[in-house]
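What follows is a set of notes on a single structure, which appears directly below.
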Amino acid sequence: MTTATASVAALLLCYVAAACLARAMRRYDRAEGSLAKRQTARAALRMRVGGVAALATALAICMVAWSPSIGLVAWIGFAGAGCLAWMGLSAFLPRTALWLAPMGAALLAVGLLLPL
Amino acid sequence: MKGSLRQSMAWLHTWGGLLASWLLFAVLWSGTLAVFEPEISHWMQPERQRVSASPTWTTNAQNAQAAVRYLQQAAPDAATWRIELPSPRSKVLEVSWPEKPASPPAGGQATGQPAEWMHRVVDVATGAGIAARESEGGDHFVDFHRNLHAGVLGIWLVAAAGLMMLVAAVSGIIIHKRIFRDFFTFRPRASPQRSWLDGHNAGGVVLLPFHLMIAYTGLACYFAYTMPAALNHHFDGNANALRSQAVLAFTLPPTGRRGELAPVAPLFERAEAIVGPGTVNLIVVRQPGDANATMQFYRGVHDRLALVADHVNFNAVTGELLGSQTSWNPMVRTYRAMVGLHFAQFGGWAMQWLYFFAGMVSCAMVAAGLVLFSVKRRRKQQGTTGAAGSTGSTGSSASFYQLVERLNIVSVAGLVAASAAYLWANRLLPVGQDDRAVAEITVFFVTWLATGVHASVRPVIAGWCEQLGLAALLCLGLPVLDAVTADRALLAALARGDTLLLSVDLAVALIGTVLASIAIALHRRSSRLLPAFRKSRATLSTRRPDAAR
């Protein structure tokens with residue numbers, strides 16, 4: 001995997017992770033108002049697990065594309081960038097931010113499966 | 001101490017942060033630009049690209065041979081030759097040498113003046129050397145980030161700002177009650193105080209690892225100043241003695257006899273066999289005309305975190321291998337890993353952009369903190385003056401807050417405008433002007449000073465709008481300026497597919513767009529809030545005599 005592909009994949013995964021983790025928070029759920037329905041504890045847990053899994057996958061991709069030491073630094077950077085992207089988009093364009101997360105995940109799945 | 005630990009930390013975060021932030025913003029801003037130092041230097045010296053054939057078409061062994069051939073004609077008596085081979089971030093073959101002898105002539109006295117280094121780009125096809133316009137380029141931002149162009153005093157000031165950044169980050173963690181719950185919270189449409197606080201918190205919390213890392217590694221880079229205990233104990237404070245133990249030197253004494261240099265290509269291949277194929281990016285030839293000339297091949301550091309350059313050393317006349325260093329003391333490696341984390345030479349474009357992005361967000365976080373301080377105090381002040389029996393210190397504190405607001409404008413918007421003016425100066429000053437590099441830096445400081453004068457005479461909100469607008473105009477106008485000056489550098493770059501030059505123009509235009517949108521949003525918001533703001537100022541001034549009585 002080239003570092004360019006890994007950068008795009010890690011950024012998308014971190015964005016998806018931020019979306020999942022934010023949606024798992026009750027406070028955030030309330031803050032979104034009419035856009036979000038109150039979710040059950042089980043759904044919140046699923047979101048949380050999904051978010052952590054996305055972050056772990058991004059870490060693995062970074063470590064494979066660079067070295068473990070550089071990959072860790074890159075992952076921290078992408079995690080921050082993904083969080084800020086989610087935060088900015090959900091503040092100004094909440095609907096787009098919500099739709100972009102599953103779209104990003106789908107794009108990533110297609111992108112990763114295509115070479116196989 | 002003020003009550004509980006959290007209250008004490010809040011006080012420290014507010015006041016320590018405020019006093020350090022004016023300087024910290026400058027350090028962070030210049031550090032963020034310094035990430036792209038080679039690219040900015042490339043943009044500021046468009047002549048460097050005027051070679052008839054790209055050196056990336058030839059092998060580096062051939063490039064090295066071409067460079068040595070050029071140096072043998074251009075600087076046969078120089079004490080040292082430096083040959084920087086093409087890399088993805090600087091696609092030219094560059095050579096440099098000290099113009100004056102580095103050591104005094106036999107029996108003579110040292111002048112005490114440092115040697116002036118000459119730089120040339122070598123055209124591999126023709127063997128000619130191309131002199132670019134005199135400019136500090138991106139090094140100006142590196143030096144400003146390192147010591148504010150103020151020598152040792154500047155180093156101490158920057159170190160103090162870095163220490164305060166670390167203190168502010170730790171105290172910020174302690175005072176933030178809901179650090180995880182607020183992780184994704186940003187409400188730009190809430191009240192001004194709330195949205196600035198959210199912006200400050202968001203940038204601070206999400207990039208907390210970056211802030212802690214960059215502040216600590218920055219202090220570690222200056223360990224000789226900030227943490228000198230070990231150096232003083234083991235080396236009597238002599239950093240060179242420490243360096244000579246950490247980095248092996250394989251030098252030979254000059255003989256005074258002439259010597260003919262051996263062909264470079266075979267030495268190059270032997271060096272790459274030791275440090276890794278395709279990794280050598282710097283060659284240093286010492287006493288090149290002497291029978292004891294040495295040739296050092298340095299490995300690039302772009303693929304490793306620790307900033308340690310393995311090197312192989314040859315007798316440049318006989319081709320004898322003098323020695324090499326490819327393994328490093330663990331302490332040196334640890335220290336250089338910290339330096340490497342700060343300098344971000346590793347990981348390619350993705351890492352450089354991540355550092356740039358993180359730096360920009362950090363600048364925004366500091367700026368949001370500065371604005372938040374003013375917004376909060378303005379509200380408090382309105383409350384105090386609105387209440388009966390206001391304290392006698394209202395007048396002096398109002399003057400202090402006015403000063404803070406104006407310093408905020410200069411340190412944020414003024415610095416950005418000055419940075420853009422520095423780039424404009426590069427294109428507008430005559431190419432042959434004496435001390436041109438100094439003149440460019442003078443333009444930077446004069447513009448910054450002018451923004452200070454402007455901020456002191458204009459109302460606060462107008463000051464912000466006008467200076468941000470000026471910075472936006474300068475940034476957005478830069479690609480246009482680039483297209484009409486320096487022999488139409490932008491158009492030539494387009495024709496040549498010079499992505500380095502184009503990316504600088506594009507990035508500056510992008511920054512200009514962001515600045516313009518902030519200036520417009522601020523102007524719109526202020527036109528709504530201005531009547532209330534004027535009313536509160538009028539209330540403040542009419543109540544001040546009562547307060548004094």
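If you're wondering where the values come from, they're calculated on a predicted model, not measured in any experiment. Per chain, numbering begins at 1; letters A, B, ... match sequence-line order.
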Show me the donor-acceptor pairs, under 3.5 Å and distance only, between side chains in residues 339-352 of chain B and residues at least two apart or in other chains.
residue: B:H342; atom: ND1; partner: B:I214; partner atom: O; Å: 3.3
residue: B:H342; atom: ND1; partner: B:T217; partner atom: OG1; Å: 3.1
residue: B:H342; atom: ND1; partner: B:G218; partner atom: N; Å: 3.3
residue: B:Q352; atom: NE2; partner: B:A344; partner atom: O; Å: 2.9

Under 3.5 Å, which donor-acceptor pairs link side chains of residues 99-109 of chain A to any protein atom two or more places apart or in another chain?
none

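Residues of residues 356-365 of chain B placed with any heavy atom under 4.5 Å of a heavy atom in chain A are listed by number as B:F357, B:V361.
Annotation for A:A81 and B:L354: closest pair CB-CD2, 4.4 Å, computed over non-hydrogen atoms. Smallest separation of non-hydrogen atoms from A:M87 and B:V206: CE-CG2, 3.8 Å.
With respect to chain B, the highest number of heavy-atom pairs below 4.5 Å among A:L21, A:V73, A:T3 belongs to A:V73. With chain B as the partner, the residue from A:G88, A:A79, A:A18 showing the most heavy-atom pairs under 4.5 Å is A:A18. Looking only at heavy-atom pairs under 4.5 Å with chain B, the residue among A:S69, A:A74, A:A65, A:A10 that has the most is A:A74.
Residue B:D198 does not touch chain A at all, counting heavy-atom pairs closer than 4.5 Å. Neither the backbone nor the side chain of A:A6 comes within contact range of chain B, judged by heavy atoms closer than 4.5 Å. Neither the backbone nor the side chain of A:L11 comes within contact range of chain B, judged by heavy atoms closer than 4.5 Å. Contact annotation for B:L305: both backbone and side-chain heavy atoms come within less than 4.5 Å of a heavy atom of chain A.
Under the side chain to side chain contact (heavy atoms under 4.5 Å, CB included) criterion, A:L93 pairs with A:L89, A:T96, sequence neighbours left out.
The shortest side-chain heavy-atom distance between B:F186 and A:F92 falls under the 4.5 Å cut-off.
Separation of atoms CD1 (A:I76) and CG (B:L208) is listed at 10.5 Å; rounding is to 0.5 Å. Between the CH2 atom of B:W353 and the OG atom of A:S7 there is a distance of 13.0 Å, given to the nearest 0.5 Å.
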**Request:** Go through B:D303 and A:I70 one step at a time and tell me if the side-chain contact (heavy atoms from CB on, under 4.5 Å) criterion holds.
**Result:** CA-CA 9 Å; B:D303 58 346; A:I70 295 179; 5.8 Å; no

